[in-house]
2 protein chains.
Amino acid sequence: MTEEVTRALTAAERACRTKGLALTPVRRRVLQLLLESPAPVKAYDLLASLKPDGGAQPPTVYRALDFLTRAGLAHRIEALNAYTACVHVGGRGSAELYICEACGLVEERHRHRAPEDGPDGFHINRSVVEHYGRCSACATAQASA
Amino acid sequence: MTEEVTRALTAAERACRTKGLALTPVRRRVLQLLLESPAPVKAYDLLASLKPDGGAQPPTVYRALDFLTRAGLAHRIEALNAYTACVHVGGRGSAELYICEACGLVEERHRHRAPEDGPDGFHINRSVVEHYGRCSACATAQASA
DNA sequence: CTCCGGTATGTTATAATATTTCATCGGGTG
DNA sequence: CACCCGATGAAATATTATAACATACCGGAG
């Protein structure tokens, strides 16, 4: 486990403790897998990664992912049916994700929406914002090819 | 069939003809179902609606939906695994959708992105923008309850 | 006309994603 | 201890989507 992952896990533990949330072993393990992956991970890939430990079943993974996303420790990427660790440990609410279709890199931005956005009187609870394309490295690689 | 749906279908036919696309019977029928629904429709609900006509199979529906979304006549709502007719017949590219979680109403906005958005050098191919909440009618209904 | 290539559709099967349901465990609290 | 509650285990199943291959139809080339 890289030092970076360790630090992120420690930070997650602290965040959960202060919020009264239980970062149990399964949840912690799933978060670790997300942190270690360079690209978004599918639920069944997580499941496969957990198998060696003990015979995990789908609900185990989905529950852990549900917890992590609620806790703001991970994001679900809707258009990919995949998940990624959140890099802004303290970031509340919804992020905008920039997903490289070449290398899988996910960059995260938090932006507050201008209030005049959207139809009159529409009250937004939750937003999904995902941009697909090429990250800067892959865009230049492609251009030179 | 309401007059509004008829008009939309006619417009779709014209749009396809000018682009050299074939709005075949299945595709047209699926578009009609989308237009007639007040809320987003799931693929398997479309499938069920098509059954009476002839024994349609999943690929039939998914192909039609694929065509319609490519042609800009429908949108896939990623976080719901559902589909809705596009109300901007001529609108190209990606829309921002405002989806009422109470009544299912989908409003559509097209917005051009400021170029400074996103990480440096990231090249966006496609964006998914979905806002979930309450439409103006449902928001006031809820407030009074 | 006939053949051919391409697009669209039909058909069967199966893959991939996700949830329901009920049982069990373990830790805190009265 | 007895109880409750949140978390996990386990089995089954529901939902969403695609693969793979066969067939049909239509246009143009020969």
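Atom set for the values below is all heavy atoms of this structure, side chains included, hydrogens, waters and symmetry mates excluded. Lettering of chains follows the sequences in order, A, B, ..., and the numbering in each one begins at 1. The shown structure was predicted, so the numbers you read here are calculated from the model rather than taken from an experiment.
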remark   = Applying side-chain contact (heavy atoms from CB on, under 4.5 Å) to Glu3(B) and not counting sequence neighbours gives Arg7(B)
note = Contact span of DNA chain C against chain B, any nucleotide atom under 4.0 Å from a heavy atom, 5' to 3', runs dA8(C) to dT12(C)
ask   = What distance separates Leu97(A) CG from Leu105(A) CG, expressed to the nearest 0.5 Å?
value = 11.0 Å
ask   = Taking the side chain from Thr2(B) and the backbone from Val5(B), do they hold a donor-acceptor pair closer than 3.5 Å?
value = yes
task = On DNA chain D, check which nucleotide each of Tyr44(A) and Ala56(A) is closest to and give me the residue with the more 5' one.
result = Ala56(A)
key: Test item: Arg27(B) side-chain N/O and Ala22(B) main-chain N/O as donor-acceptor pair under 3.5 Å   = yes
key: Watson-Crick or G-U stems involving DNA chain D, each at least 3 pairs long, distances under 3.5 Å, ordered by first number   = C:1-30 with D:1-30
request  = Let me see the working for Glu108(B) and His75(B) under side-chain hydrogen bond (donor to acceptor under 3.5 Å, both in side chains), right down to the final yes or no.
outcome  = CA-CA 10 Å; Glu108(B) 194 178 331; His75(B) 297 292; 2.8 Å; yes
Partners meeting salt bridge (Lys or Arg N to Asp or Glu O under 4.0 Å) with Asp66(B) (sequence neighbours left out) = Arg70(B)
Other residues, nucleotides, ligands: >12 heavy atoms within 6.0 Å of Asn125(B) CG = yes
task = For Glu13(B), enumerate each residue passing the salt bridge (Lys or Arg N to Asp or Glu O under 4.0 Å) test, keeping only those at least two apart in sequence or located in another chain.
result = Arg28(B)
note = Ordered by number, residues from residues 58-70 of chain B within less than 4.0 Å of DNA chain C (heavy atoms) are Pro59(B), Thr60(B), Arg63(B)
note = First and last nt of DNA chain D near chain A, cut-off under 4.0 Å to heavy atoms, 5' to 3', are dA7(D) to dA11(D)
Atom pairs and distances, donor-acceptor, side-chain atoms in residues 79-86 of chain A, under 3.5 Å, two or more places apart:
{"unit_1": "Asn81(A)", "atom_1": "OD1", "unit_2": "Arg76(A)", "atom_2": "NH2", "d": "3.0"}
{"unit_1": "Tyr83(A)", "atom_1": "OH", "unit_2": "Arg76(A)", "atom_2": "NH1", "d": "2.6"}

ask   = Going by heavy atoms in the side chains, are Leu50(A) and Val30(A) under 4.5 Å from each other?
value = yes
All salt bridge (Lys or Arg N to Asp or Glu O under 4.0 Å) counterparts of Glu36(B), not counting sequence neighbours = none
same_hphob_cluster(Val41(B), Leu73(B)) at 4.5 Å side-chain heavy-atom cutoff = yes
remark   = So SG of Cys135(B) and CD of Glu107(B): to nearest 0.5 Å the spacing works out to 7.0 Å
Thr6(A): side-chain contact (heavy atoms from CB on, under 4.5 Å) partners, not counting sequence neighbours = Met1(A), Thr10(A)
ask   = For DNA chain C, what residues of residues 21-35 of chain B have any heavy atom nearer than 4.0 Å?
value = Thr24(B), Val26(B), Arg27(B)
Residues in ring pair (Phe, Tyr, Trp, His ring centres under 6.0 Å) contact with Phe67(A), at least two apart in sequence or another chain = none
